[in-house]
Amino acid sequence: MKYDFSNIEKKWQQFWAGTGTFKAENNSEKQKFYVLDMFPYPSGAGLHVGHPLGYIASDIYARYKRHMGFNVLHPMGYDSFGLPAEQYAIQTGQHPKNTTEINIEGCLDREGNILSKYVNEDGSIENEALVDTSRIVTIKDGNYHDNIIKGYRRQLDQLGFSFDWSREIRTSDPKYYKWTQWIFIQLFNSWYNSDSDKAEPIEDLVPIFEKDGNANVNAVCDDDTPNFSAEEWGAFSSKEKQEKLLKYRLTYLADADVNWCPALGTVLANDEIVNGVSERGGHPVVRKKMTQWMMRITAYAQRLLDGLEKIDWPQPLKDSQRNWIGRSEGASVSFRVLPWVPSAGGKTRSPQGMGSFPDESPLNYGESFETRLKADLAIEVFTTRPDTIFGVSFMTLAPEHEQVSKITTTEHKAEVETYIEATAKRSERDRMADVKTITGAFTGAYAEHPFTKEPIPIWIGDYVLAGYGTGAVMSVPCGDQRDYDFAKHFGIDIPNIFEGIDISEEAFADKEKTVIANSDFLNGLPYKKAVKKAIAELETLGQGEGRINYRLRDAVFSRQRYWGEPFPVYYVDGMPQMIADEHLPIKLPEVEKYLPTETGEPPLGNATEWSWDTNRNEVVSNENRVVSNGNVIPNGSGERSRSTVEGQTVSNGVYPLELNTMPGWAGSSQYFNRYMDPHNDDEIFSQEAINYWQDVDLYIGGSEHATGHLLYSRFWQKFMFDKGLVPVDEYAKKLINQGMITGTSAFLLRLKYEFYILDSTYSNKEVEAVFSEIVSTKQIFVSFGIKNALEESEGPKEFQKLRESLDGFATGMKGIILEKLPNMDVRFELESEDFYNPIHADISLINSSNELDIQAFKNWRPEYQDAIFILEDGEIYHGNSLPPAEGRGGGFIVSREVEKMSKSKYNVVNPDDIVKEYGADSLRMYEMFLGPLEQSKPWNTAGITGVHSFLKKLWKLYHSGLNNEFKVTGPTTLPTEESEKGNSPSMTSEAHKKEQGREQTEINEPSAESLKTLHKTIKKVEEDIENFSFNTSVSTFMICVNELTAQKCSSWEILEPLAILVSPYAPHIAEELWEKLGHSESIATAPFPKFEEKYLVESSKEYPISFNGKTRFTMELPLELDKRQIEEAVMAHEKTQQQLDGRTPKKVIVVPGKIVNIVG
RNA sequence: GCUCGAGUGGUGGAAUUGGUAGACACGCCGGACUUAAAAUCCUGUGACCAUCUGGUCGUGCGGGUUCAAGUCCCGCCUCGAGUACCA
């Protein structure tokens, strides 16, 4: 029997789906094990070979754990809200719900028409779970078809994953996002108590406010939260009370400086911006003030940091989370702004000083100088180096700092305003790109040094960021390079406060070597002591305190998009109200257009049925939103929907709903818990389920989510933990980042050439028209070797054949030109440097020798129909004759380069093609064999033949004879109920027949050699899986099968356990062999073979004998020999004497069981 | 700039605690089978020298520790990832 992988794989995939082999139970005697993959966004492009890498690894681990007797939860679902479906909807009008469904289930053409769930080539519809991949039309036929969406589900199914699909969830399913909305409400109803260091119910705050005001409440709240007494609280209106409470809630509305992406029409979170442009699409991002829902993740900054200690996550990922949270210890210091300006003769109070602070400066927002004096204006800074406070020689504020306008003097007003305007114009990106240029402006104002009471000039400069700390710094030029450069540039003093350090060239920032000088009470102190002392003195003065600062910002939670979770929020008098739990989910409304409204509202502003009826508790038409005079309230313009019109409020209890939707990370922040009880409509999950499954034991996914999903989901988990909903505050014990599988792009090298006009009577216009036509249609591509020749010979003139070809080309071109512009004299030339442009070619047009199928390329890219190809041997191929034979040395070779696998780079390898040609088991094993899981590595299809022939050899081990019949000898004892514990012991009649067939064959004991091979394989494979070293266990299997084949092993005692060993990697072939071995139950839960040391015990060792560390020969010696006996035996060996050549060794090192080294 | 990671044959990669460097595969060379090709099987394959036995060199570079270094230590170079005026 041949190894018919195609039918075997289909058979078992249907068997697993039909019998629910991998369905996990929520209560079990067995120990639980939860293996989770990051769920995919179902894009229309489908899977490429890079996507399944992590899924294969997690599947191997999940299957291994089942063999080890665990109750394994291994679920899969879809992160199905997201931008691409929405962008597609904007372009085509297709509802994202439909495109998403189709991306998962399959089949949609390029025009956006739904073909059907599954379509055959003849147009007939098939509703089978598995569609023959041969029906998928691909580029292989020479024509470029790419219009059939294969469907994520089918692509996943064909790889044989052991997912429990009965638990599938989709974030865009209202049954699922009901609970995303529910968590949002829980966050809204909570505040963070810094004393108990946890989230607590917001209603607990009200009695406190009623009794004592907010003075004694130690909470993480908005910076601008005002202080109020119990009396003031009592006097607040209901709206004012709501406003105050909003400042404490864990999700709150705020006018925030947000990253607005005009091209996408939405705000983006910090982690969605890379290098100043949007992560998706690379569009520019600008700062803009908008009212947005925010998540108070900063309340959890310290706990998110501490939590990293107890989870087994990759170090780089932890580092990047630590970096993102950005904890720094230091002090906050308050500098009082002086109401006078120092004069040459010393400090001078007004009236002179008064003159410098005009009352009517437009920068002062109408505040008089008197007001400022009363306000006791002070600037607060954060510093990590309070020890250097005596080195302060100026202060710098961010240009956006709100106090800039209040302190700037008349003389400096113009300069400061110009500067602020200039920096505001610079985009974030420009500012980042240009760090070298030092810019700034003096405000004219001075602050007072807390200790010396000396005046300190206050500057503004864009090297100080508004978003970090307080947006102001105390500048210590001797201890900070940026302050140093700024001071040097503007000629500000650079006092030295370090003992024995030369600061004439650069600042000195080495904390460890610091000894403070010229600093009053800090003199002679090292860094740490000086910091402590400085903080203590500041506290005494009441002008500072120790402070921990975090870089982490609260996360923006609003998106101006359609395809996301709607908020369960409506507005009464501009204040947000939560919809009661029992009315969830609030489903996404239908809209006609997916773009923002004409008034600039988010897409939900287009919905006509998007109002909340507080009497009927349901979403109703906006028509119902009427005021007392009967007018309907329109949707407002701006971020918050209007619930008033001309002073009149809604009178009938129908209010506008929130128009924003939630960001992509909302749904992915709770899915791992929901899998535990995914169909529960009464609770987010039952306590039984969460207490049984607890947390994820192994989480596999990409490192690109380090500061997005993986941080936000930890935050939500900690919140849920505070609420007592989950038993642990870190949801994933171990996380592995799988590396990227990169693609090998193919490039055609297009020569850059030019014509020079030597003599012409034509106008520039006429010439240009002809030239541009030629240049756009007549392209020259050169084969890779030609490019090398061009480069190595410092120009084309050295390469004779090419020269001739180009001459031919030039003559041809000249002919065309002369036809249209007779008598013109032109010269053809290549650009001398950088003389080619690389053009991507689809890799399916390239054969294994890197030769391009030129005709297929031209069919794919009609614009190159007239292009000319200079082949590897220098010949010209014009395309009007037959293309050169492949593989004969005269082909057209493309240049190859490793890049990220992506549709736009035409370097995608589709797993469907691989599965069709080699089978899923081959693909699974090959992806593992490529290299370490966590490492990024290039895909090379050629290598798959190695693992494929391994599987064929494995198959052959179980088969022999003329017809390759299944033949395994033994077992000496037939499987009994005991030996198949955990499986059903009953055997089918078919299996019995096989039993009998086996009994008729000879029964022989497995050889010691085979047992040794088996057991060393068991040992290695078990260790490898535990260490996630999947690539080495594939090698081990190869060695094992090679050895057993050489041993002609056909023993049941060897081959039965071998099937189990292989099963996590190649489950289909393992199931098939398992069945042939007489089992009627799936191999999935068969106990993993037990390693027994006794089969590996050796009596002798092949000792390497080395001389001065270099191995010269080996010799076999019994293991029971001691050092002396070994030495004697080695010294007696004739080769030893030969090596020594009469010398006496100085020393002989003997490590029993390992090595002998003779020195001398 | 800072942080982290990595440099091993033509290629992907092995070498888990310092102990025979290059496992296992791909590719390539040669051979068998075949009219031929494919498939399959066998042999060889780090470089250099040598007819062979064998020898010299060899894990980015330079040094060191050690009987012994891909592995440990010091200094450098290159590449990759993340981060970027974080006070």
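Here is how names work: the chains are called A, B, and so on, in the same order as the sequence lines, proteins then strands, and each is numbered from 1.
Not one N or O on the side chain of A:Ser320 forms a donor-acceptor pair closer than 3.5 Å with the backbone of A:Ala706.
Under the Watson-Crick or G-U wobble criterion, with both distances below 3.5 Å, B:rG18 has no partner in any strand shown. When both pairing distances are held under 3.5 Å, B:rU3 makes a Watson-Crick or G-U pair with B:rA81. Judged by Watson-Crick or G-U wobble contacts below 3.5 Å, the nucleotide B:rG70 has no partner. Figure legend. B:rG12 is base-paired to B:rC24; pairs are counted as Watson-Crick or G-U wobble with both atom distances under 3.5 Å. A 3.5 Å limit on both hydrogen-bonding distances identifies B:rG31 as the Watson-Crick or G-U partner of B:rC41. Partner assigned to B:rU59 is none, using Watson-Crick or G-U wobble distances below 3.5 angstrom.
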Could you list, one pair per line, each protein nitrogen or oxygen that sits under 3.5 Å from a nitrogen or oxygen of nucleotides 65-68 of chain B, together with the distance?
{"unit_1": "B:rC67", "atom_1": "O2'", "unit_2": "A:Asn1157", "atom_2": "ND2", "d": "3.0"}
{"unit_1": "B:rC67", "atom_1": "O2", "unit_2": "A:Asn1157", "atom_2": "ND2", "d": "2.9"}

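The separation of B:rC33 from B:rC28, taken at their P atoms, amounts to 22 Å, rounded to a whole angstrom. Distance check on atom P: B:rG9 versus B:rG22 gives 14 Å, rounded to whole Å. The separation of B:rA50 from B:rU40, taken at their P atoms, amounts to 38 Å, rounded to a whole angstrom. Nucleotides B:rU71 and B:rU8, compared at atom P, are 14 Å apart to the nearest Å. Taking atom C1' in both B:rU59 and B:rG13, one finds a spacing of 13 Å when rounded to whole Å. Taking atom P on both nucleotides, B:rC26 is separated from B:rG46 by 16 Å, rounded to a whole Å. One P atom belongs to B:rG44, the other to B:rA25, and the distance between them is 13 Å to the nearest Å. Distance check on atom P: B:rG18 versus B:rA32 gives 49 Å, rounded to whole Å.
Around atom NZ of A:Lys956, no more than 12 heavy atoms belonging to other residues, nucleotides or ligands sit under 6.0 Å away. Other residues, nucleotides and ligands contribute at most 12 non-hydrogen atoms within 6.0 Å of the CD atom of A:Glu505.
Ring centroid separation for the pair A:Phe5 and A:His948 comes in under the 6.0 Å cut-off. Taking the centre of each ring, A:Tyr926 and A:Trp939 come in below the 6.0 Å mark. In this structure, A:Tyr3 has its ring center no closer than 6.0 Å to that of A:His959.
A straight line from NZ of A:Lys1020 to P of B:rA15 spans 6 Å, rounded to a whole angstrom. Across the protein-nucleic acid pair, A:Phe950 atom CZ and B:rU40 atom C1' stand 18 Å apart, rounded to whole Å. Counting to the nearest Å, the P atom of B:rG18 and the NZ atom of A:Lys1154 are 9 Å from each other. Spacing between atom CG of A:Leu933 and atom P of B:rA14 amounts to 12 Å, rounded to whole angstrom units. The interatomic distance linking A:Lys937 (NZ) with B:rU11 (P) rounds to 19 Å, in whole Å. Atom CG of A:Leu465 and atom C1' of B:rC85 are 6 Å apart (whole Å). A:Met925 places its CE atom 16 Å from the C1' atom of B:rC26, with the value rounded to the nearest Å. With rounding to whole Å, A:Lys952 atom NZ is found 11 Å from B:rA38 atom C1'.
A distance of 5.5 Å separates OG1 in A:Thr1013 from CG in A:Leu1044, rounded to the nearest 0.5 Å.
A:Lys1012 is linked by a salt bridge (charged side-chain N to carboxylate O under 4.0 Å, His left out) to A:Glu1098, counting only residues two or more places apart in sequence or in another chain.
As judged by a 4.0 angstrom heavy-atom cut-off over every strand, A:Asn1042 is placed among residues touching the sugar-phosphate backbone only. Residue contacts for A:Asp1024: at a heavy-atom cut-off of 4.0 Å it reaches a base atom on one of the strands shown. Contacts of A:Asn1027 with the nucleic acid, taken as non-hydrogen atoms under 4.0 Å apart, are absent. A:Thr945 comes within contact range of the sugar-phosphate backbone alone, with a heavy-atom separation under 4.0 Å but no base atom that close. If you check every strand for non-hydrogen atoms under 4.0 Å, A:Pro932 touches sugar and phosphate atoms only. Among the protein residues, A:Arg1112 comes within range of the sugar-phosphate backbone only, with heavy atoms under 4.0 Å from sugar or phosphate atoms but none that close to a base.
Within the 4.5 Å cutoff, the side chain of A:Leu735 has heavy atoms near those of the A:Leu710 side chain.
A side-chain contact (heavy atoms from CB on, under 4.5 Å) with A:Met928 is found for exactly one of A:Asn1031, A:Asp1024, A:Ile60, A:Thr1032, namely A:Ile60.
Closest contact between the side chain of A:Tyr463 and the listed nucleotides B:rC85, B:rC24, B:rC41 involves B:rC85. Comparing B:rG13, B:rC41, B:rC4 by their nearest atom to the side chain of A:Asn1031 picks out B:rG13. Minimum atom distance to the side chain of A:Ile1155 is reached by B:rG19, of the listed B:rG19, B:rU83, B:rC26.
Between A:Pro938 and A:Pro1104, the residue whose closest nucleotide on RNA chain B is further toward the 5' end is A:Pro938. Judged by closest nucleotide on RNA chain B, A:Gln315 is the one of A:Gln315 and A:Tyr468 placed further toward the 5' end.
Note on A:Gln935: a side-chain N or O is less than 4.0 Å away from OP1 or OP2 of B:rG13. Distances shorter than 4.0 Å separate some side-chain N or O of A:Arg482 from OP1 or OP2 on B:rC86. At the phosphate of B:rA87, OP1 or OP2 sits under 4.0 Å from a side-chain N or O atom of A:Ser328. Phosphate proximity of B:rC86 to A:Arg327: absent, as no side-chain N or O sits under 4.0 Å from OP1 or OP2.
Base orientation of B:rG62: anti, since the glycosidic angle falls outside 90° of 0.
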Pair A:Ser703-A:Asn737, side-chain hydrogen bond (donor to acceptor under 3.5 Å, both in side chains): steps then yes or no = CA-CA 5 Å; A:Ser703 58; A:Asn737 292 130; 4.9 Å; no

